Amino acid sequence: MGAKGFVEGGIASIIAGCSTHPLDLIKVRMQLQGENHAAPNPNHHIQLRPAFAFNSSTIAAPGGHLLHIPSPPPPPKAGPVSVGLKIFQTEGVAGLFSGVSATVLRQTLYSTTRMGLYEVFKQKWSDPNSGTLPLGRKIAAGLIAGGIGAAVGNPADVAMVRMQADGRLPASQRRNYKSVVDAISQMAKQEGVTSLWRGSSLTVNRAMIVTASQLASYDQFKETILEKGLMKDGLGTHVTASFAAGFVASVASNPVDVIKTRVMNMRVEAGMAPPYSGALDCALKTVRAEGPMALYKGFIPTISRQGPFTVVLFVTLEQVRKLLKDF
């Protein structure tokens, strides 16, 4: 019985991941907006201007000149539709599926593990008489299952973020990974095997939050709908419960997701200090440079993706369970 939960969860996750991949790509690109303005740019050269050219960022200098330090222009805020259109125009339809091979691997490793383990815990911890599991135990099952799944799937997660982010870089700076296998092997060669677990504490934290909020709230919403007799156990109930679960998961996980995306995508140059020393440093720099709402960057595409992803995930899962119920 245990293995069946892994198979069912894996099939549903891969279908959900591939069908909502373009939305995930838009979310990643939006989370990286404004990042380059988080720290002073060493390429802003000091220019000499005549003394009469007063400006808010001028300081006195010998010889009757003022040093004018131009401040960087504020980054334009692009919405999900314009980000999606830009990807389509510059990179074509294939651009919207950048890193889809990494999504398949990530769902195979991460989601199969978390969904299967959640089912195992549910069976072990359910009340033997009523067969129900209290909400607290559902959350605990989700936290543990999500954490283990994320640790297993982290290399594919790093590869996916990098492949999705590649198209926004100038051609000379692109990593140009051919596939998820190429991405993982290049990272291991150039940056060491430990780079495959870069941001893993964030991935684990995010996965714990997502799995607990998504799986536990889906089960809770579904049980409540059926208990109150609002709907019968069918497609309507599955869609309603899964969309509500997707909203809960989006609100809970977005800040961790932004930090995770930035830490995984950062470029570490040899002999140079990395842009972020860790998750907390990234969070502080992001909030300082862009304000606290920067942690909710990409929230519209997050909910736009998490909603459909969760709906496809659970509706597919319920159908797969029906198909495999006799096995």
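Given the structure is predicted, the values throughout are model-derived calculations rather than measurements.
Here the closest non-hydrogen pair linking Ser200 and Asn154 is CA-OD1, 3.3 Å. A pairwise comparison of heavy atoms in Ala207 and Gly146 identifies CB-O, 3.3 Å as the closest pair. Between Thr237 and Lys232, the closest heavy-atom pair is OG1-O, 2.5 Å. Closest approach of Ser250 to Gln306, counting heavy atoms only: OG-CB, 3.0 Å. Closest approach of Tyr276 and Cys282 over heavy atoms only: CD2-CA, 3.5 Å. Taking every heavy atom of both residues into account, Leu226 and Met231 meet most closely at CD2-O, 3.6 Å.
For the pair Val312 and Ile15, the minimum side-chain heavy-atom distance is below 4.5 Å. When side chains are defined from C-beta on, Ile148 does not count as touching Arg114, because their heavy atoms never get closer than 4.5 Å. Side-chain contact between Thr112 and Ser13 is absent, with no heavy atoms from C-beta onward closer than 4.5 Å. Contact annotation: the side chain of Phe299 approaches that of Val251 to within less than 4.5 Å [non-hydrogen atoms, C-beta and beyond]. Contact of the Val81 side chain with the Ile26 side chain is not registered, since no non-hydrogen atoms from C-beta on lie closer than 4.5 Å. In this structure the side chain of Leu117 never reaches within 4.5 angstrom of the side chain of Ile144, judged on heavy atoms. Two residues are said to be in side-chain contact when any heavy atoms from C-beta on lie closer than 4.5 Å; Asp219 and Leu215 fail this criterion. Side-chain contact check for Leu196 versus Val158: every heavy-atom pair is 4.5 Å or farther apart.
Partner Thr302 forms a side-chain contact (heavy atoms from CB on, under 4.5 Å) with one of Lys27, Met30, Lys297 and no other, that one being Lys27. The only member of Val311, Leu317, Leu313 that meets side-chain contact (heavy atoms from CB on, under 4.5 Å) when paired with Ser242 is Val311.
Both Val204 and Leu143 are part of a single hydrophobic cluster, where members link through side-chain heavy atoms under 4.5 Å apart. Note on Tyr177: it clusters hydrophobically with Val181, by side-chain heavy-atom contacts below 4.5 Å among ILVMFWY residues. Under the 4.5 Å side-chain heavy-atom criterion for grouping Ile, Leu, Val, Met, Phe, Trp and Tyr, Val180 is connected to Val152 within one hydrophobic cluster. In the hydrophobic cluster analysis, where Ile, Leu, Val, Met, Phe, Trp and Tyr join through side-chain heavy atoms closer than 4.5 angstrom, Met293 is grouped apart from Val287. Note on Tyr218 and Leu235: separate hydrophobic clusters, where clusters join Ile, Leu, Val, Met, Phe, Trp and Tyr whose side-chain heavy atoms are under 4.5 Å apart, directly or indirectly.
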task: Decide yes or no on side chain to side chain contact (heavy atoms under 4.5 Å, CB included) for Gln319 and Leu323, but give the supporting numbers first.
output: CA-CA 6 Å; Gln319 298 308 311; Leu323 288 170; 5.6 Å; no
message: Run the side chain to side chain contact (heavy atoms under 4.5 Å, CB included) test on Phe221 and Thr240 for me, step by step, so that the C-alpha distance in whole Å, both residues' side-chain angles and the decisive distance to 0.1 Å come before the verdict.
response: CA-CA 8 Å; Phe221 284 125; Thr240 307; over 6 Å; no
message: Could you go through Thr310 and Gln214, starting from their C-alpha distance and side-chain angles, then the distance that decides it, and tell me whether this counts as side-chain hydrogen bond (donor to acceptor under 3.5 Å, both in side chains)?
response: CA-CA 8 Å; Thr310 311; Gln214 191 184 57; 3.3 Å; yes
message: Apply side-chain hydrogen bond (donor to acceptor under 3.5 Å, both in side chains) to residues Ser253 and Arg206 and explain how you reach the verdict.
response: CA-CA 6 Å; Ser253 67; Arg206 178 190 176 275; 4.8 Å; no
- prompt: side chain to side chain contact (heavy atoms under 4.5 Å, CB included) between Asn205 and Lys260: does it pass, once the steps are laid out?
  reply: CA-CA 10 Å; Asn205 288 341; Lys260 174 182 83 80; over 6 Å; no
message: Is there a side chain to side chain contact (heavy atoms under 4.5 Å, CB included) between Glu318 and Lys222? Walk through the geometry before answering.
response: CA-CA 12 Å; Glu318 298 281 6; Lys222 183 180 158 189; 2.9 Å; yes
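There is no side-chain donor-acceptor pair under 3.5 Å between Asp257 and Tyr296.
With respect to the salt-bridge test (charged N to carboxylate O, under 4.0 angstrom), the residues Glu290 and Arg262 qualify. Ion pair Glu119/Lys138 not flagged as a salt bridge, since none of the NZ, NE, NH1 or NH2 atoms sits closer than 4.0 Å to an Asp/Glu carboxylate oxygen. Using a cut-off of 4.0 Å between Lys/Arg side-chain N and Asp/Glu carboxylate O, Glu191 and Arg198 are scored as salt-bridged.
Here CE of Met163 is found 10.5 Å from CG of Asn176. Values are rounded to the nearest 0.5 Å. The line from CE of Met160 to OG1 of Thr103 is 5.0 Å long, rounded to the nearest 0.5 Å. Annotation: the span from Thr211 atom OG1 to Ile139 atom CD1 amounts to 12.5 Å, rounded to 0.5 Å. Atom CG of Asp24 sits about 11.5 Å away from atom OG of Ser304, to the nearest 0.5 Å. To the nearest 0.5 Å, the span separating CD1 on Ile225 from NE2 on His238 amounts to 9.5 Å. With rounding to the nearest 0.5 Å, the separation of CG in Leu133 from CD in Gln123 is 11.0 Å.
A donor-acceptor distance shorter than 3.5 angstrom exists from the side chain of Ser179 to the backbone of Asp182, with no hydrogens or angles considered. Put simply, the side chain of Lys4 never gets that close to the backbone of Arg321: no donor and acceptor are under 3.5 Å apart. Between the side chain of Asn254 and the backbone N or O of Leu295 there is at least one donor-acceptor pair closer than 3.5 Å.
Around atom CZ of Phe247, no more than 12 heavy atoms belonging to other residues, nucleotides or ligands sit under 6.0 Å away. Within a 6.0 Å radius of CZ in Arg175, other residues, nucleotides and ligands contribute more than 12 heavy atoms.
Using bins of under 30°, 30° to 60° and over 60° for the plane-to-plane angle, the ring pair Phe121/Trp125 lands in the parallel bin.
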